[in-house]
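Just the heavy atoms: all of them, side chains too, but no hydrogens, waters or symmetry mates, feed the values below.
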Amino acid sequence: MTATTTHIASESRVAGLVTRLLGGVDPLADGLTERILASELAYAANTDLTHEQLRGAVQDNLRTLLAALQGQPMNLDAARAAGRLKAEQGIPLAALLHAFRLAGRYIWDRLLASARDEGIATELLPVASDIWLVIDEFSGAAADAYRATVEEQGRRDVETRGVMLTSLLDGSVGSPDRAAEALRTLGLDEHGTMVVVHADSGRSLAAEDRLRAAGVAGAWVQQLGARVGLLALPGPHALATLADLLGDAAECRIGVSRPLTSPTDAPGAWRQARCAARCLPQGAGGCHVYGSSPIALMAAASPEIAAEVAQTVLGGVLTLPQQERNVLLDTLDAWFASGGSTTRAAERLHCHRNTVLYRINRLTELTGRSITRAIDSAELCIALRALHVSG
């Protein structure tokens, strides 16, 4: 807001009325305080804002308002302080602005009454616009300070929630009582069922809004380049729905822990969620629930050993040129996904059944393992999953 100057001449009789009001600002503040409390329920019902705080803010603003009407330099500090106070006390912005309008009307009524008594009401009318211009300046400054305070409170709330969630995830929260308190701060039911979600991306997930719309409450935090959430399951069968919602919009690897019922189990659940995310191929987008694929879980639990297993079993394939290697590995993947059916694998790969048989025989030559033998097939399956996990 840009300060506005008034057109009330200092030597005019109207200026004398303003001076007298300024000299009696104490009873004026008492009257305006009572009018605000009587006219604005948000002030009267608020238990955090004391009568003394309200009256003090009213008096400060009346004094600077009247000084501005006298032509003194505009000082908006009192208006800004009032805006910050009302934001901190939870008074709605609309109520704050209404209070300033009440102040404008209150000053006008007092000036008009005095002007009528002295027979100079006609001299007051030309400066009515000045009064409301000053009120606009003050209410605008108060509104700006109010919004800035609310934004700062929002940042502090986010930081507080982030600290609380981090303390739950890393186990530093301490006692179960403090863990329950942290859940209440996060707006989660301490007796409810929850899961931890870990996404490789450090950005907010596209599915977060969809989760809220589906009634899945939760809290999120950035951790070590990842997006981590503690989510409340709204029902016993909500885990599958949650995984679908996360997977449909996944742009990165997302892991979901097993359900937990105690907040003190959050550190273990976070480890599960990280491991579940690693069950997906590197660079892939999707959602994986911990324990849903034991072979992938075994490989993800020890990436170094997974890489060694993949090299031991598939080393002959991995030395091939990239295109040939990928064709053989994709064929093996399709064969396992088709339940060992060559025909269905061919349909998946959009090729002839004999082509699949030729590639399978080529894999047998390169690995020394036949998919028709149970132990060999198991080793090939584990090695393939280990390769996906280890990259």
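A donor-acceptor pair under 3.5 Å links the side-chain atoms of Thr319 to the main chain of Gly316, judged by distance alone. With hydrogens and angles disregarded, no donor-acceptor distance shorter than 3.5 Å links the side chain of Arg55 to the backbone of Thr33. Between the side chain of Gln53 and the main chain of Thr50, a donor-acceptor pair closer than 3.5 Å is present. Looking at Ser257, its side chain never comes within 3.5 Å of a backbone N or O of Trp270 through a donor-acceptor pair. Looking at Tyr106, its side chain never comes within 3.5 Å of a backbone N or O of Arg101 through a donor-acceptor pair. In this structure, Asn46 contributes its side chain and Ala42 its backbone to no donor-acceptor pair below 3.5 Å. No donor-acceptor distance shorter than 3.5 angstrom exists from the side chain of Arg212 to the backbone of Arg210, with no hydrogens or angles considered. Remark: the backbone N or O of Leu186 is paired with a side-chain donor or acceptor of Arg161 at under 3.5 angstrom. Without hydrogens or angle criteria, Tyr146 side chain to Leu93 main chain gives a donor-acceptor distance under 3.5 Å. A donor-acceptor distance shorter than 3.5 angstrom exists from the side chain of Thr64 to the backbone of Asp60, with no hydrogens or angles considered.
The hydrophobic clustering, which links ILVMFWY residues whose side-chain heavy atoms are closer than 4.5 Å, places Leu260 and Met164 together. Grouping the Ile, Leu, Val, Met, Phe, Trp and Tyr side chains by contacts below 4.5 angstrom, directly or via other members, places Leu21 with Phe138. Following chains of ILVMFWY side-chain contacts shorter than 4.5 Å, one cannot reach Leu165 starting from Leu233, and the two form parts of different hydrophobic clusters. Follow the hydrophobic side-chain contacts under 4.5 Å out from Val228 and you never reach Leu239; the two are in separate clusters. In terms of hydrophobic clustering, with Ile, Leu, Val, Met, Phe, Trp and Tyr side chains grouped at heavy-atom distances under 4.5 Å, Leu188 and Val197 are assigned to different clusters.
Here the closest non-hydrogen pair linking Ala266 and Val196 is O-CG2, 4.1 Å. Closest heavy-atom contact between Pro267 and Asp170: CG-C, 4.1 Å. When all heavy atoms are compared, the tightest approach of Ser39 to Leu102 is CB-CD1, 3.8 Å. The two residues Pro263 and Glu190 come nearest to each other via the heavy atoms CD-O, 4.4 Å. Contact detail for Arg373 and Gly368: the closest heavy-atom pair is NH2-O, 4.0 Å. Summarising the geometry of Cys381 relative to Ile295, their closest heavy-atom pair is SG-CD1, 3.8 Å, with the distance given to 0.1 Å.
Looking at heavy atoms from C-beta onward, Met194 lies out of side-chain contact with Leu231 at the 4.5 angstrom threshold. Counting only heavy atoms from C-beta outward, the side chains of Leu69 and Ile107 approach each other to under 4.5 Å. Between Glu304 and Ser302 there is a side-chain heavy-atom pair separated by less than 4.5 Å. In this structure, Phe336 and Leu380 have side chains that are in contact, with non-hydrogen atoms separated by less than 4.5 Å. Using a 4.5 Å heavy-atom threshold, the side chains of Ile131 and Leu111 count as touching. Side-chain contact between His288 and Val256 is absent, with no heavy-atom pair separated by less than 4.5 Å. Counting heavy atoms from C-beta on, the side chains of His51 and Glu34 come closer than 4.5 Å. Put simply, the side chain of Val317 reaches to within 4.5 Å of the side chain of Leu329, judged on heavy atoms.
With respect to Arg80 and Asp144, no salt bridge is recorded, no charged nitrogen being found less than 4.0 Å from a carboxylate O. Arg385 has a carboxylate O that lies under 4.0 Å from a charged side-chain N of Asp333, or vice versa, which qualifies the two as a salt bridge. Comment: Glu365 engages Arg362 in a salt bridge, judged by a side-chain N to carboxylate O separation of less than 4.0 angstrom. Ion pair Arg353/Glu347 not flagged as a salt bridge, since none of the NZ, NE, NH1 or NH2 atoms sits closer than 4.0 Å to an Asp/Glu carboxylate oxygen. For Asp109 and Arg35, the salt-bridge test passes: some basic side-chain N is under 4.0 Å from an acidic carboxylate O. One finds a salt bridge joining Arg20 and Glu118 here, because a Lys/Arg side-chain nitrogen approaches an Asp/Glu carboxylate oxygen to under 4.0 Å.
For Glu251, the salt bridge (charged side-chain N to carboxylate O under 4.0 Å, His left out) partners at least two apart in sequence or on another chain are Arg203.
Between the CG atom of Leu320 and the CG atom of Leu366 there is a distance of 5.5 Å, given to the nearest 0.5 Å. One distance of note links NE2 of His388 with CG of Leu384; it measures 4.5 Å at 0.5 Å rounding. One finds the CZ atom of Arg105 at 12.5 Å from the CD1 atom of Ile135 (value rounded to the nearest 0.5 Å). Interatomic distance, CG of Asp376 versus OG1 of Thr364, reported as 8.5 Å (0.5 Å rounding). Annotation: the span from Leu183 atom CG to His191 atom NE2 amounts to 10.0 Å, rounded to 0.5 Å. If you take OG on Ser139 and CG on Leu96, they are separated by 8.0 Å, rounding to the nearest 0.5 Å.
Within 6.0 Å of the CD1 atom in Ile305, the count of heavy atoms belonging to other residues, nucleotides or ligands does not exceed 12. Other residues, nucleotides and ligands contribute more than 12 heavy atoms inside 6.0 Å of the CZ atom of Arg325.
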Going through the distances and angles, do Leu314 and Val309 end up as a side chain to side chain contact (heavy atoms under 4.5 Å, CB included)? CA-CA 8 Å; Leu314 298 171; Val309 168; over 6 Å; no

One pair to check against side chain to side chain contact (heavy atoms under 4.5 Å, CB included): Glu208 and Arg227. What are the steps and the verdict? CA-CA 11 Å; Glu208 288 180 32; Arg227 185 75 170 162; 2.9 Å; yes

Side chain to side chain donor-acceptor pair (under 3.5 Å) for Ser370 and Thr372? Distances and angles first, verdict last. CA-CA 5 Å; Ser370 172; Thr372 59; 2.7 Å; yes

Under the side chain to side chain contact (heavy atoms under 4.5 Å, CB included) rule, what do Tyr358 and Cys351 come out as? Steps first, then yes or no, please. CA-CA 11 Å; Tyr358 168 79; Cys351 64; over 6 Å; no

Check against side chain to side chain contact (heavy atoms under 4.5 Å, CB included), Leu318 and Leu387: CA-CA 10 Å; Leu318 300 180; Leu387 183 65; 4.0 Å; yes

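Side-chain N/O atoms of Ser338 and Arg344 include no donor and acceptor closer than 3.5 Å. Remark: the Thr149 side chain and the Glu88 side chain contain no N/O donor-acceptor pair separated by less than 3.5 Å.
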